[in-house]
Amino acid sequence: MKTSGLVFVFLVSTVIQVVFSLKCTPPTEAILWDPNPEKLVHSVVWGYHNTTFTPCDSGDDCNTTDDSFPVQLHPVEMQHGSVLRFIPSIHEGLPFTMKSVMVDEEGFLTCNASRTQQVTVFESNETIDIDARLLTPGTHYFIEASDGHSLFECSLGLRIKVVVKPSTCGSEGQDVTCGGQGLCATFQDEPNYKCLCCGNYEGAGCEKFNPCLSNPCGRRGQCEQDDEDPEKFSCECSLEYYGTTCQHKRENLCDVIKCQNNGTCVGNSTHFLCECPDGLSGSHCEVDLNDCSPMPCENGACVDERGGYQCHCEPGYYGDTCSNQRLGCSLNPCKHGGYCEDLTSDPKKFQFKCHCLPGWSGKDCSNK
Ligand SMILES: *[C@@H]1O[C@H](CO)[C@@H](O)[C@H](O)[C@H]1NC(C)=O
Ligand SMILES: *[C@@H]1O[C@H](CO)[C@@H](O)[C@H](O)[C@H]1NC(C)=O
Ligand SMILES: *[C@@H]1O[C@H](CO)[C@@H](O)[C@H](O)[C@H]1NC(C)=O
Ligand SMILES: *[C@@H]1O[C@H](CO)[C@@H](O)[C@H](O)[C@H]1NC(C)=O
Ligand SMILES: *[C@@H]1O[C@H](CO)[C@@H](O)[C@H](O)[C@H]1NC(C)=O
Ligand SMILES: *[C@@H]1O[C@H](CO)[C@@H](O)[C@H](O)[C@H]1NC(C)=O
């Protein structure tokens, strides 16, 4: 950054007065809704300062658009209804004159004062409060466009983005205590004020009681609010814990694990293992391995069974895997429609008798 000896800055000071009591302590970053916004003043000092003051030290975002002057683009956030006050800085005893212009976003980014929506004042050396009617909820942009001072311009850093934040607390939007169960507040970078609820309350107006919000089951289980009595809850404990708030730790997970299909559980307080019989797998031995893959039956259909398989052989085959060819009648030895009778139940033996149709004879009915 080029040091010019002069640095243009604006200062923002926020006065917060909170005069209602709370049931719980808000986070320190919370900015509470002020019930008297007309007394809440956001002062912006426009002008010169000496180089001992560096605006970017404030922790706010800084931006440098022309490589020489730090520009604050970080918005001033103000409560809807509060006062935005522009103060010309005093240089060598005299206040600068300035012309504050309300522009659109592009006018803000490009320092184009012709993109004016509203002119707040003409050239003036007086402190002004921006007309409250201009400060509707949302984002507004102001730049300085001095006629008299060529230095005193937006392009040298004199611009400000203002976010006016409305309240969504309570049905009227201004219930500062949120039904007595919370407080109306906002945080930096949030678009509006809303209810921060105390304890076990939640909802837009902190109207809902939820016993699970205080996390009674801890990380040991899942809290469920009772459907019938919203004051009550139950804990769905993870495997390692039991008890109404999952407060007890199990000594052995096998106390609750049921291995299926005669699997045997081996475990301790954090781990378990089901040792499964052959043909089964899965964490609880619930998975029956497919014994038909790869296909064991050579000439037949396979039916998977627990820890095994069964082959249903095609005609003419036998054996556990249908790999043996059956002898006897299965080979259709009887010709010309003769009926074949197996003479043995032993499939390996070639013993059969042909009963021939009339007109045929012979061992295989082939003789006329
Ligand atoms: C710079 O500004 C600070 C704060 O306004 C003031 O205390 C200090 O005397 C100034 N220094 C010079 C050299 O003007
Ligand atoms: C600075 O401003 C430029 C142009 O407006 C923008 O693109 C950039 O993201 C800004 N940088 C930071 C850090 O805000
Ligand atoms: C400023 O804005 C006006 C109105 O939109 C436009 O006509 C003009 O060209 C702009 N000037 C610059 C320098 O961008
Ligand atoms: C402000 O400007 C007016 C009109 O130009 C002038 O009369 C007055 O003295 C100025 N006020 C201060 C404090 O310089
Ligand atoms: C478990 O084993 C018993 C005895 O060995 C047996 O009778 C029973 O059928 C088996 N149960 C299962 C599901 O395998
Ligand atoms: C429980 O068993 C697991 C697996 O065998 C082991 O890694 C772990 O250290 C054991 N935990 C305790 C508390 O004994």
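If you're wondering where the values come from, they're calculated on a predicted model, not measured in any experiment. Indexing begins at 1, ligand by ligand and atom by atom, following the structure's order.
- The protein non-hydrogen atom at the shortest distance from atom 14 (O) of ligand 4 is P95 CD, 3.4 Å.
- The SG atoms of C285 and C259 do not lie less than 2.5 Å from each other.
- Taking atom 3 (C) of ligand 4 as the reference point, the nearest protein heavy-atom neighbour is N125 ND2, 3.5 Å.
- Among protein heavy atoms, atom 13 (C) of ligand 6 sits closest to S269 OG, 3.9 Å.
- Inter-residue side-chain proximity for M78 and L135 is flagged as met; some heavy-atom pair is nearer than 4.5 Å.
- Counting only heavy atoms, the protein never gets under 4.0 Å from atom 9 (O) of ligand 3.
- Shortest contact from atom 1 (C) of ligand 6 to any protein heavy atom: N268 ND2, 1.5 Å.
- Of the protein's non-hydrogen atoms, H271 CE1, 4.4 Å is the one closest to atom 7 (O) of ligand 6.
- The presence of a protein heavy atom under 4.0 Å from atom 5 (O) of ligand 6 is ruled out.
- Given atom 12 (C) of ligand 3, the protein heavy atom at minimum distance is N112 ND2, 3.2 Å.
- Side chains of D175 and W33 form no contact here, defined as non-hydrogen atoms less than 4.5 Å apart.
- Per the SG-SG cut-off, C334 and C329 are not bridged by a disulfide [distance not under 2.5 Å].
- The SG atoms of C297 and C311 lie less than 2.5 Å from each other.
- Taken together, the cysteine pair C302 and C292 places its SG atoms within less than 2.5 Å of each other.
- Of all atoms in ligand 6, listed by their number and element, those nearer than 4.0 Å to a heavy atom of T270 are 1 (C), 11 (N).
- The closest side-chain heavy-atom distance from E275 to V266 is below 4.5 Å.
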